[in-house]
Amino acid sequence: MTSGKSYPLADRRLERSLEEKHALYTPAEAVTEANRCIYCSDAPCVAACPTGIDIPKFIHKISTENTKGAARTIFESNLLGSSCASVCPVEVLCAGSCVYNTWEREPIAIGRLQRFATTTALSQDPDLIAKTKKPSTGKKVALIGAGPASLAAAGHLALEGHRAVIFEKKSVPGGLNSTGVAPYKLYADDALREVEFIERLGDVEIRTGVGVVDGKADAVKGEVSAADLLRDYDAVFIGIGLGSDHGMGIPGEDGPGVVGATAWIESMKLDPKASVAGVTRAIVVGGGNTAIDAARELAQLGVEHVSMVYRRDEAAMSGYAHEMAGAYKERVELVENRQPVSVVREKGAVVGLQVAPTTGGKPTDGERETLTADLIVIAIGQARLTQLASAFPGVELDDKGRVRVDEATCRTGNAKVYAGGDCVNGGKEVVNAAQHGKLAARAIHSSLGAAPGSTGKAN
Ligand code: SF4
């Protein structure tokens, strides 16, 4: 077993056979890269960061070899600065906004510098941030789901002296960072190290294997109910993310060889029994970032032919262009303007996917074809966990099943209940969830009768 003192993972997991995208900078490399930054005033990179990290400030600290100071600057705005350094799509956020782009020069490697600062500083002093925590206030907050939004909120609340109790129905905390992020960006082990960093920040308890239910809780199953939380805690934060993968609703779909993308990625990251042995042709259905991630992971794991089937053309894909460019380099093929109509099986085993041509995303009467496949991964979105959120009186959902919150505070229609992350925004980046967690923690802290403090600066 490896990793995590609290959450050990098996050594043999498929994700460990995939290589990291970038090695950690050496101190000399970090200082050299930091010295390229011109410390812009009104820096566009800061405006592009959802958590508003003072990027020129932390880069300047790296250039003067003040690595701990750099890490403090990062964590002030984003307690998940370690994972965000690796998983953020910097190409469309901070680095994509760096002034160097306008001069057609390589932007500053902000993500790599952030990773250098946070990793190095915490390896030198794991309690670097925990030292700043305030005395206990006696207040306690329940957080549902142990993903990035709840972890960020719990960390900020703990630094203010509040008790944060996180309820997670899975056995492993971390949410998508542990179960869904492409391994070449972040291994589950590293995600769990960040969970442990949050736990060190103060009175943070994570109760794994505990589901929160909308009705009567079954104590034997270790459940708690929404009503229990409202009764027993001073505030509640809903950070439940999204539900299970949507299916295609076509004949032949149910059975072995067809799997949802998030379920497949989770097994690849955590399940020691997961394997791609015998898979030579895989098809991923979808055009978003999860589809691209799954396709790239299959290719990197050695599956000979990996294709993505998408019902529109490439220009309409919601996945990032830079990720798709990476997929092409890894020999992933894109089959555009095709819609699955049935899964073809022989003696129960998947042998192909029948597709129909489409125009504008809609199937036409054109000739159908069967694409050979022995594994089909469906990445066409995830369900919303509407029932649980609705169990809290006053909490409202929009017409897409997202929890409605006040933008500045992440407060729902129930003054005691806050929400953030994918269940609010429908599925964005880890850094967006971290910002929600920070905003909610600041508002909860304020509502509990204390002045805003270390729950982050006004950004
Ligand atoms: Fe440095 Fe680029 Fe940000 Fe300017 S925009 S402060 S050069 S990282």
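Sequence positions, counted from 1, serve as the residue numbers for this chain. Values below: every heavy atom of this structure, side chains too, minus hydrogens, waters and symmetry copies. Order of appearance sets the numbers: ligands from 1, and atoms from 1 within every ligand. Just so it is clear, the structure is predicted and the values come from calculations on it, not from any experiment.
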Next on the checklist: Using the side-chain hydrogen bond (donor to acceptor under 3.5 Å, both in side chains) criterion, which residues pair with Thr73? Sequence neighbours excluded.
Outcome noted: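 side-chain hydrogen bond (donor to acceptor under 3.5 Å, both in side chains) list for Thr73, sorted by chain: Lys61.
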
Can [X] and [Y] be counted as having a side-chain donor-acceptor contact under 3.5 angstrom?
{"X": "Arg411", "Y": "Tyr418", "result": "yes"}
{"X": "Asp293", "Y": "Thr290", "result": "no"}
{"X": "Ser83", "Y": "Glu194", "result": "yes"}

Checklist entry - What protein N/O/S atoms lie closer than 2.8 Å to atom 2 (Fe) of ligand 1? => result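 The answer is Cys98 SG.
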
Item to check | Salt bridge flag under 4.0 Å for residues Arg442 and Glu160 | outcome: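 Salt bridge absent between Arg442 and Glu160.
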
Checklist entry - Can you tell if the side chain of Arg115 reaches within under 4.5 Å of the side chain of Leu24, non-hydrogen atoms only? => result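 They are in contact (side-chain heavy atoms under 4.5 Å apart), so the answer is yes.
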
